[in-house]
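The structure appears below as structure tokens.
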Protein chains: 2
Amino acid sequence: MKMSDVAKMANVSPATVSRVLSNPELVSKKTRDKVLEVINQVNYQPHIVARQFRTKETKTILAVVPDITSAFFSEVLRGIEHTAIREGYQVILGDTENSVERENDYINLLLQKQVDGMLLLTARLEKEKLEELAEHFPIVLACEYIDGLNVPTVSIDNISAARKATEHLIKLGHERVAHICGPMNVILGRDRLRGFRQAMMSHDLDVDPSYIQEGGNESLESGYNQMMKLLALETPPTGVFVYNDEMAMGAMKAVKNSGLRIPEDIAIVGFDNLKMASVVEPHLTSIDQPKYKIGQKAMSILIQKINKEKITKQSFVMKDHLFIRQSCGGQSFVSSSEQKT
Amino acid sequence: MKMSDVAKMANVSPATVSRVLSNPELVSKKTRDKVLEVINQVNYQPHIVARQFRTKETKTILAVVPDITSAFFSEVLRGIEHTAIREGYQVILGDTENSVERENDYINLLLQKQVDGMLLLTARLEKEKLEELAEHFPIVLACEYIDGLNVPTVSIDNISAARKATEHLIKLGHERVAHICGPMNVILGRDRLRGFRQAMMSHDLDVDPSYIQEGGNESLESGYNQMMKLLALETPPTGVFVYNDEMAMGAMKAVKNSGLRIPEDIAIVGFDNLKMASVVEPHLTSIDQPKYKIGQKAMSILIQKINKEKITKQSFVMKDHLFIRQSCGGQSFVSSSEQKT
DNA sequence: CTGAAAGCGCTTACAG
DNA sequence: CTGAAAGCGCTTACAG
């Protein structure tokens, strides 16, 4: 059943059927009702690919994530999808599994006009390549970013958030503070390390090189292994800021397996504020990112770009919060980076 | 840049360019090389939507999940996506957020020919509707299913797995065994309850009605609340089989918050064997589903259906395993439903 | 308010 | 092995 069949049955032209579907206000009520009746009667479904082909719009966007199994991204994706649906867009999900090649592959969907725009939740491509691409196609970055990149980006200030997390430990009296790093080939890993260093320096605390555990991926296991190394030191740290909650939970497991207590022997701060952070024992103190909002914001900016609206700002910095729970032994209150606006 | 431009530059017809791209063996090596050179030189990208329109194939399938934030589904999705990519298909993800209406909405993608097939990881539609739909479009169910449905389905045997989980508690000497149910409007919730009842009955154990906690969703919070109700009973159970790991972790939290010990005061078994099951304290004994394999299998069957191959079986039952950890106090070994084949 | 006609960029049956 | 031509099912500028 195609549009011309419906047209025949309703004694109108295909053009009129098309208008009833896409611009009903252009058609008289009488004609419109007649056409709609036929459409309902035969349960006509327009061939959307034909429409996409004709209009050069797919009403579909691609969201590329580095790891679909991460609890962090699923929240961001919800924000993206809700906004997309409200605006009449569908979302295709691309999982790179942390591979730059796969990230590159997904760009073909743009080049081949299979999607109207792309949301990158991972940004490991070269800056120049990405900028060049963004001149021709609607692209928005979120969560991850590239320094000085001239492409709209939605994220939190990872450096200051990491500084805040580290300072929380310092303020509780810890002087031997360590950092379990994220991947150093990802900017978030470098930023959070930098924030850690800044906090230590501004409080005149030395950073023992062995207190910085690099290497490994973002997994539970990696957090476990790196914490084991810290515990094996002659003078282990008393406080540890961990790259993210997933690794922090691995680190907690290492501490407990070693017969030590959290926070009495080792205090731990995480990052991302996953749901699990308030399930593990003791509940994990963590930096919260407004995951859902980041998704929403990134999607709305992408739609603006698709509609060729001018974007004034290129960098959208969202608020983070330190959720203080029991893993550092601090009292229970919420500190925030919020500037009241 | 379109195909006819490339054709002109290479002094061939558009048909030849098309053949070079889709059926290179039909073109002489000389012509082929000439065309490929032009393609590379101008970096030509075919307009895929035009191809989809022309061939009536989108090479895209839709995977519908009830909850994208669930750690369980992301593993299944990986299995789906890896198989899809290997076979030249893309995957669109549809998140219903447990709403039947949203599940219904995604069916439009099929009706409108936007996807070649659909993988349902949730199945809350009416049986008749789904069967009717499956007559006209390639559809495969996975994880969830509908009793007696004549549509290919990949899952584990939830009833026997639930029985096995419950029997594990019984064999450890528990007589007051309770079940924290999943949602009763989902077949998995009903099946696991049934398995629980079967185990109790076949060991001549009474099931106190108050030991069956129904109601609530599949969340951590719901697991917490239902366990609190069990603990408030005059004679609380000593062992609890919980619908899934997420709820089980909520239930564990309730036990600990009440000052009781796991497994000494309350033993707990979960379901799904999430990664977090071996992170929480104590590590959670749980039924493992072969998530990745389920995804792989479901996707290969779907591709067979798309290719109009005959499917002999309609029901594909995968093996589950009981992973015994510390939350029941049993010793550490793996029991399996595996029939050596 | 409505219709006739062109055309989006490919693929493929047909002819040579 | 290659080309000319038709056609996939819509939308939209144009004319009336």
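Keep in mind the model is a prediction, meaning the values are calculated, not measured.
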(message) If you count heavy atoms of other groups shown closer than 6.0 angstrom to CD of E97(B), is the number above 12?
(response) yes
(message) Can you list, in residue-number order, the parts of residues 29-48 of chain A that come under 4.0 Å of DNA chain D, counting heavy atoms only?
(response) Y44(A), P46(A), H47(A)
(message) Without decimals, in angstroms, what is the distance between E25(B) CD and dC1(D) C1'?
(response) 12 Å
(request) Let me know the distance between NZ of K8(A) and P of dG9(D), rounded to the nearest Å. (result) 12 Å
(message) What is the separation between atom CG on N23(B) and atom C1' on dT12(C), rounded to the nearest whole Å?
(response) 10 Å
(message) Under a 3.5 Å threshold, yes or no: a donor from one side chain and an acceptor from the other, between N98(A) and R124(A)?
(response) yes
(request) Might you confirm whether atom CD of Q314(A) has over 12 heavy atoms from other residues, nucleotides or ligands at distances under 6.0 Å? (result) yes
(request) Answer yes or no: does atom NZ of K305(A) have more than 12 heavy-atom neighbours from other residues, nucleotides or ligands under 6.0 Å? (result) yes
(request) Answer yes or no: does atom NZ of K293(A) have more than 12 heavy-atom neighbours from other residues, nucleotides or ligands under 6.0 Å? (result) no
(message) What's the gap between dT12(C) and dG16(C) when it is taken at their C1' atoms, as a whole Å value?
(response) 16 Å
(message) Can you work out whether V27(B) or P14(A) has the more 5'-proximal nearest nucleotide on DNA chain D?
(response) V27(B)
(message) Tell me every residue that passes salt bridge (charged side-chain N to carboxylate O under 4.0 Å, His left out) with E103(B), counting only those two or more places apart in sequence or in another chain.
(response) none
(message) When you measure from the side-chain N and O atoms of S18(A) to the phosphate of dT11(D), is any distance below 4.0 Å, counting only OP1 and OP2?
(response) yes
(request) Answer with yes or no whether the side chains of Q90(A) and Q114(B) bring together a donor and an acceptor at under 3.5 Å. (result) yes
(request) Return the value, rounded to whole Å, for the distance between atom NZ of K59(B) and atom P of dC10(C). (result) 18 Å
(request) Consider the side chain of S13(B), meaning its heavy atoms from C-beta on, and name the nucleotide among dG3(D), dG9(D), dT2(C) that approaches it most closely. (result) dG3(D)
(request) Measure from the side chain of S22(A), starting at C-beta and using heavy atoms only, and say which of dG9(D), dT11(D), dG3(C) lies closest. (result) dT11(D)
(request) For the side chain of T55(B), starting at C-beta, report the closest nucleotide among dT2(D), dT11(C), dG7(C). (result) dT11(C)
(request) Report the nucleotide, chosen from dC10(D), dG9(C), dA4(C), that has the shortest atom-to-atom distance to any side-chain atom of R51(A). (result) dC10(D)
(message) If the cut-off is 4.0 Å, is S28(B) near the phosphate of dT2(D), judged by side-chain N/O to OP1 or OP2?
(response) yes
(request) Could you pull out all residues at least two apart from K29(B) that satisfy side-chain contact (heavy atoms from CB on, under 4.5 Å)? (result) R32(B), D33(B)
(request) Starting from P on dC8(C), measure out to CD on Q52(B) and report it in whole angstrom. (result) 19 Å
(message) Please check: side-chain N/O of Y145(B) versus main-chain N/O of L188(B), any donor-acceptor pairing under 3.5 Å?
(response) no
Identify all side-chain donor-acceptor contacts of residues 19-28 of chain B below 3.5 Å with residues at least two apart in sequence or on another chain.
unit_1 : atom_1 : unit_2 : atom_2 : d
S22(B) : OG     : S18(B) : O      : 3.4
S28(B) : OG     : T31(B) : N      : 3.3
S28(B) : OG     : T31(B) : OG1    : 2.7

Using atom names, set out every protein N or O paired with an N or O of nucleotides 13-16 of chain D below 3.5 Å, distance rounded to 0.1 Å.
unit_1  : atom_1 : unit_2 : atom_2 : d
dA13(D) : N6     : R19(A) : NH2    : 3.1

(request) Figure out the CE/P separation between M3(A) and dG3(C), and round it to whole Å. (result) 14 Å
(message) Stacking between F53(B) and dC8(D), defined as ring centres under 5.5 angstrom apart with planes under 30°, is that present or not?
(response) yes
(message) Considering every strand and a 4.0 Å limit on heavy-atom distances, what is the contact class for V12(A): base, sugar-phosphate, or nothing?
(response) sugar-phosphate
(request) Please say whether more than 12 non-hydrogen atoms of neighbouring residues, nucleotides or ligands are located less than 6.0 Å from NZ in K56(A). (result) yes
(request) Take the protein atom NZ of K2(B) and the nucleotide atom C1' of dC10(C), then report the distance between them rounded to whole Å. (result) 10 Å
(message) Main chain of I61(B), side chain of D116(B): is a donor-acceptor contact present, judged purely on distance under 3.5 Å?
(response) no
(request) Determine the Euclidean distance between corresponding P atoms of dC14(D) and dC10(D); express it in Å to zero decimal places. (result) 24 Å
(request) Take T16(B) and R54(B), find for each the nucleotide of DNA chain D with the closest heavy atom, and name the residue whose nucleotide sits nearer the 5' end. (result) T16(B)
(request) Grab the stems for DNA chain C, please: at least three consecutive Watson-Crick or wobble pairs, both distances below 3.5 Å, written as range with range. (result) C:1-3 with D:14-16, C:5-12 with D:5-12, C:14-16 with D:1-3
(message) Measure NZ/K56(B) against P/dC10(D) and give the value in whole Å, please.
(response) 8 Å
(request) May I ask you to check whether T96(B) and S99(B) show a side-chain donor-acceptor distance below 3.5 Å? (result) no
